[in-house]
Amino acid sequence: MAKPPLVLVSLRLEHFQAIEQWLVDVGVYRPLWQNRQQLNIRSHLNGVSLLANGWIDFSRVVFSSP
């Protein structure tokens with residue numbers, strides 16, 4: 001299965017965030033908490049980011065020479 005282009009993923013995320021904000025504004029949804037996490041990585045790893053559930057997005061990790 002082919003991955004959707006990054007532009008579509010970004011656009012989809014923007015729409016999900018807008019829907020979430022609308023649900024908060026109308027009082028249907030109230031997030032109970034929001035976590036801020038810090039990710040410490042080695043210098044030879046690039047593209048490391050966390051998903052919404054706190055797991056590392058391994059599909060974007062790239063190793064470079066140390």
Side-chain angles (χ1 to χ4, degrees):
M1 179 183 286
K3 292 184 183 179
L6 189 56
V7 174
L8 291 179
V9 173
S10 176
L11 187 59
R12 186 182 319 160
L13 181 59
E14 288 178 25
H15 285 290
F16 280 136
Q17 289 171 338
I19 291 169
E20 180 182 39
Q21 186 59 52
W22 176 76
L23 290 172
V24 169
D25 292 344
V26 297
V28 174
Y29 169 70
R30 178 144 336 252
L32 298 178
W33 67 83
Q34 187 174 30
N35 291 334
R36 179 169 290 245
Q37 298 180 348
Q38 181 177 352
L39 184 62
N40 297 320
I41 60 169
R42 300 203 181 252
S43 60
H44 65 277
L45 292 175
N46 297 317
V48 178
S49 62
L50 293 177
L51 298 170
N53 59 6
W55 287 84
I56 295 173
D57 185 2
F58 289 103
S59 68
R60 302 195 186 285
V61 176
V62 177
F63 291 91
S64 60
S65 52

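Position 1 is the first residue of the sequence; numbering continues from there. Only heavy atoms go into these numbers, but all of them, side chains included; no hydrogens, no water, no symmetry mates. Since this is a predicted model, take the numbers as computed values, not measurements.
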Please set out all donor-acceptor pairs under 3.5 angstrom arising from side-chain atoms of residues 7-31, sequence neighbours excluded.
residue, atom, partner, partner atom, Å
Glu20, OE2, Tyr29, OH, 3.4
Gln21, NE2, Asp25, OD1, 2.8

Nearest-0.5 Å distance, CZ of residue Phe58 to OG of residue Ser49 = 10.5 Å

key: Of all pairs that satisfy salt bridge (Lys or Arg N to Asp or Glu O under 4.0 Å), the ones with a partner from residues 49-59, not counting sequence neighbours   = Asp57-Arg60

Exercise: identify the closest heavy-atom pair between Leu51 and Ile56 = CD1-O, 4.4 Å

